[in-house]
Asks: 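Let me give you the structure first, and then I'll get to my questions.
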Protein chains: 2
Amino acid sequence: MRPEPARARREELLALEHFLPYRLSVLSNTVSGRIAKFYEARFQLTIPEWRVMAVLGRFPGLTAAEVTERTAMDKVQVSRAVARLKKTHRIEQRAVEGDRRARHLFLTETGHGVYAEIVPFARDYERRFTAGLSANERAQFDRLLDKLTAAAGTL
Amino acid sequence: MRPEPARARREELLALEHFLPYRLSVLSNTVSGRIAKFYEARFQLTIPEWRVMAVLGRFPGLTAAEVTERTAMDKVQVSRAVARLKKTHRIEQRAVEGDRRARHLFLTETGHGVYAEIVPFARDYERRFTAGLSANERAQFDRLLDKLTAAAGTL
DNA sequence: GCAATATAGTTTCATCTGAAACTATTATCA
DNA sequence: TGATAATAGTTTCAGATGAAACTATATTGC
């Protein structure tokens, strides 16, 4: 059975490869996928776990709720990442004075070791990733990303 | 128990909010999430399903393998999206002459209806999303996205 | 002070996902 | 031709995910 010729249609077409949300998604998934593969192979670490470690490296003692505020993660993701990081001895908890629901989170000695190894890798990956852009292009891209992120939040 | 003051560390810190892969991921997830919510609410359609419909709207008769080539999806995702789209009567299949493994995929009349409604929405969403950018900025961003996507592929 | 409400964090449940195994068919080549 | 390898597409399985329900604790308002 031979496909009959398509009847002429008046409908607008859309080229996925020029559609900005699609392009963003492809780039983001490629980049995150590669990074995730490295973290997994080298440290058995997921990206949510790394994000928690990253903010705790910079802001020791945040609670899980505060980690949630500082990352684009929800509290379930944070709770799970924290549970795994405790099990693998990368973070530890200390009581919050005056609130027995929450706990301060800190990188352990082990956690700091992982952190100290990942940071240079991350910087280097980013450097290689943007090596084809001039400093000016890189700044421009950053600025436009900011604008778009703000815009996306209000749509 | 009062947290003891953190011992001074020599380690480099990394600000997640300036890390390009993180920023890309946040923007992409925000944008895709909003679009997904709309597709789901309006059409009970997932993003993988929409991607399949989008390429079939433009290239009627592709096989699943060809859809895989033209989208950033793997064959499992395509297979599942195709199965759902058949069940909801948005696409139909016709035999490929000389190869009984593959089938040509086409939007049905129903599928064209959905497609014809989504395309203007998608264009409009993109327009609003980039409304804060000048034509020049928009072109610049597109160009840099291309560069970065190419770079990410080779890392 | 105590009932109602809010918050921190966890668990459950149903769904989604990717990798690998699988079936059916086609291509290669000795 | 028949054995082997490659390809199209599907299914299975184990783990990831998000929404909603849940526990424990804290805050608010009467």
Side-chain angles (χ1 to χ4, degrees), chain A residues 25-26 28-30 32-41 44-52 55-56 61-88 91-106, chain B residues 25-26 28-30 32-41 44-52 55-56 61-88 91-106:
Chain A
S25 166
V26 170
S28 171
N29 290 344
T30 303
S32 291
R34 303 216 172 222
I35 293 181
K37 204 159 268 182
F38 173 79
Y39 291 168
E40 168 60 28
Q44 295 80 53
L45 196 72
T46 65
I47 286 195
E49 287 172 67
W50 159 241
R51 287 185 181 173
V52 170
V55 295
L56 293 181
L62 293 185
T63 65
E66 289 162 346
V67 169
T68 300
E69 281 167 29
R70 287 184 175 274
T71 63
M73 303 167 70
D74 66 25
K75 64 177 184 172
V76 175
Q77 264 186 308
V78 171
S79 172
R80 284 172 173 149
V82 164
R84 286 190 298 264
L85 290 170
K86 275 192 292 182
K87 196 180 306 181
T88 52
I91 68 173
E92 62 190 355
Q93 306 179 316
R94 299 186 203 157
V96 170
E97 274 190 60
D99 191 338
R100 283 183 296 168
R101 293 170 305 180
R103 277 141 296 174
H104 293 296
L105 303 170
F106 298 87
Chain B
S25 166
V26 170
S28 172
N29 290 343
T30 303
S32 291
R34 304 218 173 220
I35 293 180
K37 205 158 269 182
F38 173 78
Y39 291 168
E40 169 59 27
Q44 294 80 52
L45 196 72
T46 65
I47 286 196
E49 288 171 68
W50 159 241
R51 286 185 182 175
V52 170
V55 295
L56 293 182
L62 294 184
T63 65
E66 289 162 346
V67 169
T68 301
E69 281 168 28
R70 288 185 174 273
T71 61
M73 305 167 71
D74 66 25
K75 64 176 181 170
V76 175
Q77 264 185 308
V78 171
S79 172
R80 284 172 173 149
V82 164
R84 286 189 298 262
L85 289 170
K86 275 192 292 180
K87 195 180 306 182
T88 52
I91 68 173
E92 63 190 354
Q93 306 179 316
R94 300 187 203 158
V96 170
E97 273 190 61
D99 191 339
R100 281 183 297 168
R101 293 170 305 182
R103 277 141 295 174
H104 293 296
L105 302 171
F106 298 87

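Residue numbers start from 1 in every chain, and the chains themselves are labelled A, B, ... in the order their sequence lines are given, proteins ahead of strands. These values consider heavy atoms only, across backbone and side chains, with no hydrogens, waters or symmetry-generated copies.
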Asks: Under a 3.5 Å distance rule, please check whether A:Thr30 uses its side chain to pair with a backbone N or O of A:Val26 as donor and acceptor.
Replies: yes
Asks: Of the options C:dA8, C:dT10, D:dA8, whose atoms approach the side-chain atoms of A:Ala102 most closely?
Replies: C:dA8
Asks: What is the minimum heavy-atom distance between B:Met73 and B:Val78, and which atoms define it?
Replies: CB-CG2, 3.9 Å
Asks: Taking N or O atoms only and anything under 3.5 Å, show me the protein contacts with nucleotides 12-18 of chain D, one pair per line.
Replies:
residue: D:dT12; atom: O4; partner: B:Arg80; partner atom: NH2; Å: 2.7
residue: D:dG18; atom: N7; partner: A:Arg80; partner atom: NH1; Å: 3.1
residue: D:dG18; atom: O6; partner: A:Arg80; partner atom: NH2; Å: 2.8

Asks: With a 4.5 Å heavy-atom cut-off, do A:Pro48 and A:Arg80 have their side chains touching?
Replies: no
Asks: Taking only side-chain nitrogens and oxygens of B:Ser79, does any of them come within less than 4.0 Å of OP1 or OP2 of D:dT10?
Replies: yes
Asks: State, without any angle test, whether B:Ser25 and A:Arg51 hold a side-chain donor-acceptor pair at a distance under 3.5 Å.
Replies: yes
Asks: Would you tabulate the pairs of protein nitrogen or oxygen atoms and nucleotide nitrogen or oxygen atoms of nucleotides 2-4 of chain C closer than 3.5 angstrom?
Replies:
none

Asks: Rounded to the nearest Å, what distance is computed from the CZ atom of residue A:Arg103 to the P atom of nucleotide D:dT23?
Replies: 17 Å
Asks: Between the main-chain N or O of B:Lys37 and the side-chain N or O of B:Glu40, is there a donor-acceptor pair closer than 3.5 Å?
Replies: no
Asks: Using atom CD of B:Gln44 as one end and atom P of C:dT15 as the other, report the distance to the nearest whole Å.
Replies: 15 Å
Asks: Considering non-hydrogen atoms only, spot the tightest contact between A:Ile47 and A:Ser32 and give its length.
Replies: CD1-O, 3.5 Å
Asks: If you look at every heavy atom in B:Gln77 and B:Asp74, which pair is closest and at what distance?
Replies: N-OD1, 2.8 Å
Asks: Rounded to whole angstroms, how far apart are NE2 on B:His104 and P on D:dG9?
Replies: 10 Å
Asks: Side chains of A:Ile91 and A:Lys86: closer than 4.5 Å at any heavy-atom pair?
Replies: yes
Asks: Just so I know, are the side chains of B:Gln93 and B:Val82 near enough to count as touching, which here means a heavy-atom distance under 4.5 Å?
Replies: yes
Asks: Would a 4.5 Å heavy-atom cut-off, applied to side chains only, mark B:Thr63 and B:Leu105 as touching?
Replies: no
Asks: CE of A:Met73 versus P of C:dT10: gap in Å, rounded?
Replies: 12 Å
Asks: Restricting to nitrogen or oxygen on both sides, can you table the protein-nucleotides 22-28 of chain C pairs closer than 3.5 Å?
Replies:
residue: C:dT25; atom: O2; partner: B:Arg101; partner atom: NH1; Å: 3.2
residue: C:dT26; atom: OP1; partner: B:Arg100; partner atom: N; Å: 2.7
residue: C:dT26; atom: OP2; partner: B:Arg100; partner atom: NH2; Å: 3.4

Asks: How about B:Arg84 and B:Thr46: do any of their side-chain heavy atoms sit closer than 4.5 Å?
Replies: yes
